[in-house]
Amino acid sequence: MKRRAYTIISLLFLVFTRTSLLAQNPGQLDPSFNTTAGANDVINVMAVQPDGKILIGGQFDEYNGKVRRGIARINPDGSLDDSFNPGTGTAYVNAISLKTDGKLIIAGGFTFYNNVQRGRIARINSNGSLDLTFNTGKGADGNIDAMAMQPDGKLVIGGLFFEYDGKPVNRLARINANGSFDAGFIPATKADWIPCLALQPDGKVLVAEGFRTLDGGPRIRVARYNANGSLDTGFKLGIGAEDATSNISSIAVQPDGKILLAGRFNRNAYNDMPCNHMVRLNTDGTVDLTFNVREGAGGEITKILLQPDGKILVAGNFLEFNETEFNRIVRLHPDGSIDSSFQPGNASNDVYSSFIIYNLAFQSDGKLLISGTFKQYNGIPCNRITRLFCK
């Protein structure tokens, strides 16, 4: 009887161990991240604090059944952090930048924060209250869709605005650490829209410039500006992505200086080179022909995230990559080929839905946070945010 009991216990332990190991395969859901009800609408952006807490921004009104409008902070296990109280909050947060003092900058399409008027950008204290010392004046007169913080605390912003605090700008501006307009950065962009941007380590600014009606049709190009706002003429602009639905949604700069672009190229071309929703540029802006994603994504890519080992996570609204089924998320090797060790299964929702993964972020333990419009992952309910094993 004792031997039989010991055998049963041993088998149960073996099954549990094997199940645990299988559950931790890259791309699989982490069941310890418990968001219960999650967010009731889109999560556009995430930022992980040094203490592991996670800031989320978007178009939601609730998180885990509690009122949180546009901005919330959650604990590392997915539960709501009640110590961060934004009051009545805001609406439509597109970007979050963390400061070293624990404060954060948010930007998007909002005009109020906790009933105080703010022009699409605000600084928030670590407890969720509005920092009134961040003086943006009138702020931006249109949506801010992209934002990046320089090492000196200045912020580069892009979007759909024509003015910042009454100063004429065209979709791209830089503001000082105190929120005021930086008159030392006046780029001569002619863009109709700037959907995304990225900072290089040398201080130069990479910008996706959208022209809605240029030469008879839409066009997206990537330009690079020097730290003073002048155009970097050594960066070969080319014609960019051109199509009726063209869009560049994400820019990532590799440690070697090469530049990854992703978005919606719609099986067309970038600078007359065949590429499908994703391309890599050399440091001078020319297409890197060594990066071969072959057929690429079967739909729009909304986010690319670099791993420390050089692998590339890609997410969006596609159902296949290189003619292999990958439902909205895939991992690539540095050369563009698929990393088959990352197996997300059916990922977010069913293959007929239009649900999208909008954002990716790493935690300090290497686990991967994903957010967007989805309501489940591999058939398991998880409203708009969840966590995956990723090593």
Side-chain angles (χ1 to χ4, degrees), residues 41-45 57-60 69-71 88-97 104-124 130-131 134-150 154-199 205-214 218-223 225 229 231 240 245-251 263-264 302 358-359:
D41 210 335
V42 183
I43 297 177
N44 293 325
V45 63
Q59 298 161 250
F60 51 85
R69 291 190 65 243
I71 184 75
T88 57
T90 188
Y92 207 91
V93 174
N94 288 332
I96 299 174
S97 288
L104 60 140
I105 313 288
I106 63 171
F110 57 88
T111 53
F112 286 87
Y113 184 90
N114 198 14
N115 295 323
V116 180
Q117 192 166 354
R118 281 295 179 268
R120 282 92 178 179
I121 187 166
R123 187 164 69 194
I124 313 302
L130 182 65
D131 180 0
F134 188 68
N135 185 14
T136 62
K138 297 177 182 178
D141 67 340
N143 286 6
I144 298 175
D145 293 314
M147 177 173 62
M149 184 179 291
Q150 296 182 169
K154 291 185 178 183
L155 291 155
V156 181
I157 57 173
L160 283 166
F161 51 89
F162 286 106
E163 293 182 356
Y164 184 87
D165 194 20
K167 313 296 191 304
V169 293
N170 191 39
R171 319 299 188 184
L172 182 65
R174 188 169 66 193
I175 61 177
N176 296 309
N178 64 359
S180 62
F181 178 69
D182 181 4
F185 183 83
I186 308 292
T189 174
K190 297 179 181 179
D192 288 338
W193 174 42
I194 292 180
C196 61
L197 56 84
L199 297 179
V205 184
L206 288 159
V207 175
E209 298 186 330
F211 302 92
R212 297 181 187 275
T213 53
L214 182 67
R219 181 175 294 169
I220 301 284
R221 72 172 187 177
V222 175
Y225 294 93
L231 188 67
T245 57
S246 287
N247 182 42
I248 292 177
S249 304
S250 189
I251 304 175
R264 185 171 55 233
T302 55
Y358 276 130
N359 205 261

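Index from 1, following the sequence.
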Is any side-chain heavy atom of [Y] closer than 4.5 Å to one of [X]?
X    : Y    : result
V156 : M147 : no
I175 : I121 : yes
T189 : N170 : yes
T302 : S250 : no
F110 : Y92  : no
F134 : N178 : no
N135 : S180 : no
M149 : I105 : yes

Looking at [X] and [Y], what are the two nearest heavy atoms and their distance?
X    : Y    : value
D182 : G184 : OD1-N, 2.9 Å
A208 : P195 : O-CD, 3.1 Å
F181 : A173 : CE1-CB, 4.3 Å
G137 : D165 : CA-OD1, 3.3 Å
P168 : E163 : CA-CG, 4.3 Å
A148 : L197 : CB-CD1, 3.6 Å

Taking atom [atom1] of [X] and atom [atom2] of [Y], what is their separation to the nearest 0.5 Å?
X    : Y    : atom1 : atom2 : value
Y164 : L172 : OH    : CG    : 13.5 Å
N94  : I144 : CG    : CD1   : 9.0 Å
T136 : I157 : OG1   : CD1   : 9.5 Å
S97  : L155 : OG    : CG    : 5.5 Å
L104 : R123 : CG    : CZ    : 10.0 Å
R118 : T90  : CZ    : OG1   : 11.0 Å

Would you say the side-chain atoms of [X] pair up with the backbone N or O of [Y], donor to acceptor, closer than 3.5 Å?
X    : Y    : value
N44  : V93  : yes
R264 : S249 : no
D131 : I124 : no
N143 : D145 : no
N114 : T88  : yes
R120 : A140 : yes
N359 : I43  : no

| said: Other residues, nucleotides and ligands only: do more than 12 of their heavy atoms fall within 6.0 Å of NZ on K138? | reply: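 It does not: K138 NZ has 12 such atoms or fewer within range.
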
| field | Neighbour count above 12 (heavy atom, 6.0 Å) for Y358 OH | value |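 It does not: Y358 OH has 12 such atoms or fewer within range.
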
| request: Please assess I71 against I106 for the test side chain to side chain contact (heavy atoms under 4.5 Å, CB included), listing each intermediate value before the final yes or no. | output: CA-CA 9 Å; I71 184 75; I106 63 171; 4.0 Å; yes

| query | Do R171 and F162 meet the cation-pi criteria used here (NZ or CZ under 6.0 Å from the six-membered ring centre, within 45° of the axis)? | reply |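 Flagged: R171 positioned over aromatic ring of F162.
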
